[in-house]
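Note that the structure is predicted; figures quoted are calculated from it, not measured.
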Amino acid sequence: MTIAPEIPTTSGRNLLAGAWTEAGQRLESVNPSTGKTLGTYASAGRTEALAAITAARKTFDNTDWSRDPRVRSRAINELADRLEARVDEVALMLARENGKRLPETTWEVSTTVDWLRYAAASALILDGGRSSEVSPGVYFQTGREAMGVIGIITPWNSPVILSMRSIGPALAAGCTMVVKMPGQTALTNTLVAEIVASTTSIPAGVISILTEGGNEVSPALVESPDVDMISYTGSTHVGKAIATAGAATLKRLSLELGGKTPLVIFDDADLDVVMQNVVAATCLMNGQFCLTGSRLLVQRSIADRLRPMITEAIAGLRPGNSEAPDSDLGPLIDAASAARVDSLVETATSSYGTALVRGGVIEDDARPGGAFYQPSLIEVDRLDVPLVQEEVFGPVQTFEVFDDEDDAVRMANGTSFGLGAAVFTTDEWKARRVTRNMRAGFVWTNCWGVIHEAFEEGGLKQSGYGVLCGPTAITEFQDTKLYAQVAPPR
């Protein structure tokens, strides 16, 4: 097993309106692959949050940042340049802090550069709105303007790309922002903050980046009347709490929440393609992904053939160190998460499911710390059970059998989530019928997890609302203003 060399970042700090601060409780960042402490970080609190909000408000209200799209486009491109120069460093630290395999974190950081360049271009596509003389001498005009101060709340599973997915279009729109990043990736967050701080074309008060191990910064952002919008990615449970608290100030919300992605496999599917995607759908991000393919819906006529194939593939997966090239997946974020996942599987196998692969927590000399989890595959024949209805956030899949198209759609839509879904069939028109009837924001045919910065992302039902990426992402951070004029009499 080859492990990459050490990098020197061991102290996490916060970027507050262009200045570094280490105020707050000092907490540890732990490598889940080793169980060892990587370093310590300053956990920001309410004081830092309010100061950052004040700086963002002042910058938005009293400068020309929101008024020159060319300046903003150049600034975002500079930010992309700075990040591109440090891809390897950021990716390595992220692999060590959150347990994703190094190829996955390298993909995340390098793809973030592309997403920022798309945002830079979007700043230059001016929406002139509409203009009309609606009656003699009466003129109406609409235009889009920056919304104001944005609170961005980012999860630990993909903190680089998911923070920049909001930061990029928010900058393009002309907003200022306070970004709350998770304590689990504090040292990675500090590298991101260093990259922002080194981007000289972004004024000091435009972006503050605060890492928090507690729960003071996020509530301050949601409750503050000086924050005009919250862009949140995370669990449905927390999303509901944000929506409730945000109602007090009627602030705009963009919420991308949890998912229970079904992979619907028809009897005419190419099984080589199916198997590649089934394995990827449980391994990617160690199953800690809102689009994890956690439900395998298999047509009854091929269930007996496919069941042993999938069982063998899942049983053969090798959890290991996130930097080891022979690992199929890394550890979960911490031992508590691995224990939680195992408890859900134990409940399923003891009451309503059959273990095709009974994975579990792994702890040995090569995999210490209790965060490693061997993937599980559980067959169930009911929709109203926790393993089907709840987001597990770990490498666990259910094996479910359906009869026909209508049954497949019914089962696929049978949860409160609506983020992603995939269909595997060689019949193009069957695929179109089924995907058209699926209640999900992402639908794939004969593939899974394919995304692109030029196309929108968002969920339905309790997977949230609002759209990021694509040409409409910038509009999430803008308001429409109406101007009216009446000509004076001649």
Pair Asp114 + Arg117: basic N to acidic O under 4.0 Å: no
Side chain to side chain contact (heavy atoms under 4.5 Å, CB included) evaluation trace for Arg13 with Tyr41: CA-CA 6 Å; Arg13 50 186 180 159; Tyr41 69 95; over 6 Å; no
Test: Lys430 cationic atom under 6.0 Å from Phe266 six-membered ring centre, within 45° of axis: yes
Distance-only donor-acceptor check, side chains Glu97 and Thr185, under 3.5 Å: no
Donor-acceptor pair, side chain of Asn14 and main chain of Glu22, under 3.5 angstrom: no
Aromatic ring proximity Phe455/Tyr118, centre distance under 6.0 Å: no
N-O pairing of Arg358 and Asp342 below 4.0 Å: yes
Distance in Å, Ser376 OG paired with Leu356 CG, rounded so as to fall on 0.5 Å steps: 10.0 Å
Nearest-0.5 Å distance that lies between atom CG in Leu187 and atom CG in Asn31: 10.5 Å
Contact check, side chains of Arg367 and Pro331, non-hydrogen atoms, under 4.5 Å: no
Taking every non-hydrogen atom, the tightest pair across Trp448 and Leu291: NE1-O, 2.9 Å
Any donor-acceptor pair under 3.5 Å from Ser351 side chain to Thr347 backbone: yes
Expected output: side-chain Lys100 to main-chain Leu284 donor-acceptor under 3.5 Å: no
Verdict with reasoning, Arg26 to Thr40, per side-chain hydrogen bond (donor to acceptor under 3.5 Å, both in side chains): CA-CA 6 Å; Arg26 205 79 194 172; Thr40 64; 3.0 Å; yes
Check: Asn286 side chain, Gly330 main-chain N or O, donor-acceptor pair, under 3.5 Å: yes
Gap separating the CG atom of Asp268 from the CG atom of Asp270, nearest 0.5 angstrom: 10.0 Å
Heavy-atom donor-acceptor pair, Glu48 side chain to Gly45 backbone, under 3.5 Å: yes
Polar side-chain atom of Thr398 near backbone of Glu400 as donor-acceptor pair, under 3.5 Å: no
Note: Lys260-Glu391 ion pair, threshold 4.0 Å (strictly below): no
Polar side chain donor-acceptor pair, Gln462 to Thr236, under 3.5 angstrom: no
Main-chain N/O of Ile230 paired with Lys251 side-chain donor or acceptor, under 3.5 Å: no
Side chains of Ile150 and Ser166 in contact at under 4.5 Å (non-hydrogen atoms): no
Side-chain (Thr292) to main-chain (Ser294) donor-acceptor, under 3.5 angstrom: no
Value rounded to 0.5 Å, distance of CG in Leu271 from CD in Gln276: 11.0 Å
Arg439 atom CZ, neighbour heavy-atom count above 12 within 6.0 Å: no
Atom CG of Asp88 with >12 non-hydrogen neighbours under 6.0 angstrom: no
Pair Thr154, Ser163: side-chain N/O donor-acceptor within cut-off below 3.5 Å: no
Worked verdict on Arg86 versus Leu191 for side chain to side chain contact (heavy atoms under 4.5 Å, CB included): CA-CA 9 Å; Arg86 300 181 69 176; Leu191 297 179; 3.5 Å; yes
Other residues, nucleotides, ligands: >12 heavy atoms within 6.0 Å of Gln389 CD: yes
Check: Thr211/Asn189 side-chain N/O donor and acceptor closer than 3.5 Å: yes
Expected output: side-chain Glu453 to main-chain Trp115 donor-acceptor under 3.5 Å: no
Distance-only polar pair, side chains of Ser43 and Gln25, donor-acceptor under 3.5 Å: no
Residues Glu428, Arg432: salt bridge by 4.0 Å N-O rule: yes
Modelled atom types, side-chain donor and acceptor of Ser337 and Asp334, under 3.5 Å: yes
Note, Ile161 side chain near Ser158 side chain (heavy atom, < 4.5 Å): yes
Thr199 versus Arg82, side-chain donor and acceptor atoms under 3.5 Å: no
Any donor-acceptor pair under 3.5 Å from Glu212 side chain to Asn215 backbone: yes
Close side-chain approach of Val298 and Phe399, heavy atoms under 4.5 Å: yes
Within-4.5 Å side-chain heavy-atom neighbours: Leu297 and Ile265: no
Charged N-O contact under 4.0 Å between Arg252 and Glu476: no
Heavy-atom check, side chain of Met275 versus side chain of Leu306, under 4.5 Å: yes
Approximate separation, where rounding is to 0.5 Å, of Phe393 CZ and Arg340 CZ: 8.5 Å
Short side-chain donor-acceptor distance under 3.5 Å, Arg165 and Thr233: yes
Asp328 CG to Arg318 CZ distance, which is reported to the nearest 0.5 Å: 4.5 Å
Side-chain heavy atoms of Leu387 within contact of Tyr352, under 4.5 Å: yes
